[in-house]
Amino acid sequence: MSRDITQTPAWSRLRDACDRLSTTHLRELFANDPERFPLFSRQTDGLLLDFSKQRLDQEVLQHLVSLAEAADVSGWRKRLFAGDKINVSEERAVLHPALRHLADTAFPSGELDVMPEVRKVRQQMAAIVEQLRSGNWKGYTGDTIRHVVNIGIGGSDLGPKMCTRALSAFAHPGLHVHYVSNLDGAHLAPLLETLDPRTTLFIIASKTFTTQETMINAASTRNWMLAHTGSEEALAKHFIAVSAHPERAAEFGIPPAQVLPMWDWVGGRYSLWSAVGLPLAISIGMSGFERLLAGAQAMDRHFCETPLIDNLPVLLALLGIWNTNFLGANTSAIVPYNESLRHLPGYLQQLEMESNGKTVNRDGQPLTCPANPIVWGEIGANGQHAFFQLLHQGGWLVPCDFIATALSDYPLPGHQAPLLANCFAQSAALAFGKTEAEARSELEAAGLPAAQREALLPHKVFAGNQPSTTLLLPRLDPYHLGLLLALYEHKVFVQGVIWGINSFDQWGVELGKQLASRVLPVLNGDADKTTLDASTRGLIDWTQTTHG
Ligand code: F6P
C-alpha cells in the first residue's frame, strides 16, 4: 500500500513552516542572509542549479529532504535502476537509463540484463547514420539522400525534434531533418511540396505502430513516394521504422532490416535515448548522439550516488512540491533564454504532465493533495514581450525555471551578454519587485507633477516574491543537453514517488481516442449519429451543412 505522504510528520512540519514564511518576502530572505546564493545553489558536471530565489529557508529545505526520505525516494530509485516492474498498471519495468548505459557491463543485472539488445540496436543505428551521413544511402534513382522526415507524435516526435533544434549548431550541413506529427494535412503537405522524392527518406516512429496520426501521415508519405517511384520495391530505399511492433512495420511494407526495435520497458516520453533518437543521430552523428547519452548517464550517476540534499533532480522535485503543495501554485513556467531550446517547453509538458498529471495513486486510491501543476512556457526575450506582464503584476503565483547557457553556439557580436542580462534581470525583478516607496521616488526623480505621480503610482508597483530557479549550462552541446534532460526525467520520477503516483502509464489519453473512433464514422456518413451527445451532433451537422 502507498503511504499517504500528507500524513507524515515531515508534511506537517512543512505546513507549519509555510505558515511561518507566508508573510516573508524574498527581499527579506535575501536581506537576512548574504550567503543565500552559496547556500541555495548546487552544481554537477558544469550544470548550475540556483534556487536561492525560491521562497524557502534552510529549515524548509531540511523538512523537504525529510519528506523525500519519508516517501522512500532512495528505495524507489533502487527499484527503478534494478529493473523492478514499477509501472504497476502495465506490469512493466522502466529501464530508459539502460539506453544511456555506456559501460561494458550488465544493466540492470543478471538475467534481466537488457544491454545485449540495446547495444545491437545502437550498432544498427550507427550503420544507418554512417550510410546517410557519408552520402552512401541512395534513393530509387541512385541519388544521395538529402532530407530525412520523421513521422511520429508525442514521445516519438517531441524529444528528437527538440534536440535536433537544440543541437542545430552540430548538424550535418548537407542533410536536413524534418519532423511531421500533426494529423492536419497542413503539417505534411507544405513540406512535401519542398521535397524531392529521389532524395528523401522517411522514418516512421511509433512504439505501438497504431497511433492514428502517425499511421495516416505514414500512409500519405507512402502514397506520395509510390506515385513517384511507381514500384513497391523502390519504396524500400525510402523508409525506415522504429517500433516495439516490428511485425506491424513489416505489414506496412518496410523491410525487416530497416525496422529498429524498441521495447515495452521504454515509455514513449522516455524514448529519446532509444532508436527513436535516430533522426537526431543522423543530424549530429552517432558520436554526438553518444555524447548526449553520456551526459544523461552522468546525471543518472549523480542521481544515484549523491546525498538527497545535494542531489539536483531531488532538489528540483522538492522545489516543485513546495511550490505546488504548500505555497499553492497550480502552474509552472519553463523559460529558456536560448533560441535553440525553443521546443523544450513542449517536450517538458509531455514529460511532466503525461507522467504526473493524475489524481489517483499507484494503488488506485484518490490522492490527498494536488499533483502536477500545469506546465507551459516560451523562450525568453520573446516571452518578456508577451506574457511576462502577468507574471510581474497579474497577481498569480507562477514559479519559473529559467534556463540559459553561458556561451552561445551562434556567437553574433553583441547578442549573448544582453540575452543573459535579460534572463538574470527578469528573475531578480520577479523576486524583488518594486515597492511603492521606490516607485514614488522614481516618479519624483522624473519630475512629474504630484497629481500625475499619484495617479501613476499603483501601475508602477511590482509585488515581487515570485519564485524561480535558474539553471545554467556552459554551452548547449550534446553532453550538457543530456545532463539537463535526465535531470528533468528524474525530477518527474521523484515527484511521482512523493505523490505516490505511477509516473509511467498514461491512461488519460485513451478516452479521447475512443470517442474519436465513434465520431469518425458519423462524420464520414457511415454511422448513425443518435448515439452521440447533442453538442457533438450539432458540431457534425454544422460541418456537414457548411462544407457538404
Ligand atoms: O497518446 C499519447 C501517446 O500514447 C504518448 O504516450 C506517446 O508518446 C504517443 O502517444 C505516441 O505513441 P506511439 O509512439 O505508440 O505512436
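It should be emphasised that the depicted structure is a prediction, and the values quoted were computed from it without experimental measurement. Order of listing sets the numbers, starting from 1, for every ligand and every atom in it.
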Query - Heavy atoms of other groups near E510 CD, more than 12 under 6.0 Å - result: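 Counting neighbours around CD of E510, more than 12 heavy atoms of other residues, nucleotides or ligands fall under 6.0 Å, so yes.
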
Quick one: look up the protein heavy atom nearest [atom] and list residue, atom name and how far away it is.
atom                    : answer
atom 15 (O) of ligand 1 : T208 OG1, 2.7 Å
atom 4 (O) of ligand 1  : K513 NZ, 4.0 Å
atom 7 (C) of ligand 1  : G155 N, 3.9 Å
atom 9 (C) of ligand 1  : I153 O, 3.7 Å
atom 14 (O) of ligand 1 : S156 OG, 2.7 Å

Query raised in the report: Which of these, E354, R269, M215, has its nearest heavy atom closest to atom 2 (C) of ligand 1?
Result: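 Looking at heavy atoms only, the winner is E354.
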
Query raised in the report: Would you call Q350 a ligand 1 contact, heavy-atom distance under 4.0 Å?
Result: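 Right, Q350 reaches ligand 1.
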
Requested in this report: Below 4.0 angstrom from a heavy atom of T211, which ligand 1 atoms are there? Numbered from 1 as shown, please.
Outcome: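 Taking each heavy atom of T211 in turn, ligand 1 has 12 (O), 13 (P), 15 (O), 16 (O) under 4.0 Å.
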
Report task. Run the numbers for me: atoms of ligand 1, each under 4.0 Å from some heavy atom of V509, listed by number. Result ->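 Heavy-atom distances to V509 below 4.0 Å select 1 (O), 2 (C).
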
Query raised in the report: Is there a ring-ring contact (aromatic ring centres under 6.0 Å, His included) between W376 and F387 once you walk through the steps?
Result: CA-CA 11 Å; W376 58 288; F387 57 81; 4.7 Å; yes

Query raised in the report: Taking atom types as modelled, is there a side-chain donor on S274 or S271 under 3.5 Å from an acceptor on the other?
Result: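 The answer is no; no qualifying pair exists.
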
**Report entry** Cation-pi, F303 ring and R77 (6.0 angstrom, 45 degrees)
**Finding:**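 Yes - R77 lies over the ring of F303, closer than 6.0 Å to its centre and within 45° of its axis.
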
Query raised in the report: Mind checking whether F239 and F252 have parallel, tilted or perpendicular rings, split at 30° and 60°?
Result: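 Because their plane-to-plane angle is over 60°, the rings of F239 and F252 count as perpendicular.
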
Report task. Determine the interplanar angle of the F402 and Y337 rings, folded into 0 to 90°, and report it as parallel if under 30°, tilted if 30 to 60°, perpendicular if over 60°. Result ->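 Rings of F402 and Y337: tilted, as their planes differ by 30° to 60°.
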
Report task. Under the salt bridge (charged side-chain N to carboxylate O under 4.0 Å, His left out) rule, what do D505 and K358 come out as? Steps first, then yes or no, please. Result -> CA-CA 10 Å; D505 60 12; K358 296 164 189 171; 2.8 Å; yes

Query raised in the report: ligand 1 versus Q506, non-hydrogen atoms closer than 4.0 Å: side chain, backbone, both, neither?
Result: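 Under 4.0 Å from ligand 1, Q506 contributes side-chain atoms alone.
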
